[in-house]
Amino acid sequence: QYYNGVVHAREMATIIREPHNRYDSNAIRVDNMAGHQVGHIKANPFARALAPLADDPSPAIRLEVTFMQPHNMYDVDAIMTISGLPQYAGAIRQYLLSY
């Protein structure tokens, strides 16, 4: 799928859950800071693992996009920082390691 939005190295992005996406109920859309869609987080294993965290109101999820090794215009390496209450850090870490 082609989207009009673009991201640049070190630009922050917004992630938006799309639980009613007709192709994937775990879909997570990625928008640039101007609010234009730039793509989706890869379905497996990433969106499948991150969807429950995105749906949970306790952690705030921030996505920072970096073009460390762009594979092609549809596949970009990114860094994701998950921040939230410290008492949940261990459980979230264990959950993510299970993927």
Side-chain angles (χ1 to χ4, degrees):
Q1 175 104 27
Y2 176 77
Y3 302 104
N4 291 327
V6 296
V7 290
H8 303 283
R10 310 300 282 172
E11 180 179 351
M12 300 296 289
T14 303
I15 62 170
I16 301 163
R17 274 283 285 124
E18 293 185 328
H20 303 296
N21 182 298
R22 66 181 176 172
Y23 301 107
D24 181 8
S25 62
N26 293 315
I28 301 176
R29 189 173 96 197
V30 180
D31 287 1
N32 64 17
M33 295 310 291
H36 302 286
Q37 185 171 0
V38 297
H40 284 87
I41 292 178
K42 190 178 284 191
N44 283 311
F46 304 112
R48 187 168 56 105
L50 294 170
L53 295 178
D55 291 340
D56 186 330
S58 57
I61 298 178
R62 183 180 83 211
L63 176 66
E64 180 180 338
V65 177
T66 60
F67 291 96
M68 299 167 8
Q69 289 282 334
H71 304 286
N72 59 53
M73 67 184 291
Y74 301 106
D75 193 9
V76 177
D77 287 339
I79 296 171
M80 177 173 280
T81 302
I82 299 173
S83 36
L85 299 173
Q87 61 263 38
Y88 299 114
I92 290 172
R93 184 177 294 112
Q94 285 303 112
Y95 168 77
L96 290 172
L97 288 173
S98 72
Y99 281 90

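Rounding to the nearest 0.5 Å gives a distance of 6.5 Å between CD1 of Ile92 and CD1 of Ile82. Of the inter-residue distances, the one linking Asn21 atom CG with Ile28 atom CD1 reads 11.0 Å to the nearest 0.5 angstrom. The CG atom of Leu50 sits 12.5 Å away from atom CG of Asp56, with the distance rounded to the nearest 0.5 Å.
The shortest side-chain heavy-atom distance between Asn44 and Asn26 does not fall under the 4.5 Å cut-off. With a 4.5 Å cut-off on side-chain heavy atoms, Leu96 and Leu53 count as touching. A 4.5 Å side-chain heavy-atom check between His40 and Asp24 finds every atom pair outside the cut-off. Here the side chains of Met33 and Thr14 are in contact, with some heavy-atom distance below 4.5 Å.
Within the structure, salt bridge (charged side-chain N to carboxylate O under 4.0 Å, His left out) contacts touching residues 29-41 (residues at least two apart or in different chains) are Glu18-Arg29, Arg29-Asp31.
Nearest heavy-atom pair, Tyr3 versus Gln37, reported as atom, atom and distance to 0.1 Å: CB-O, 3.1 Å. Closest non-hydrogen pair, Arg17 versus Ala54, comes out as CG-CB, 3.3 Å. Here the closest heavy-atom approach between residue Pro52 and residue Tyr95 is recorded as CG-OH, 3.2 Å.
One hydrophobic cluster, built from ILVMFWY side chains closer than 4.5 Å, holds both Phe46 and Tyr99.
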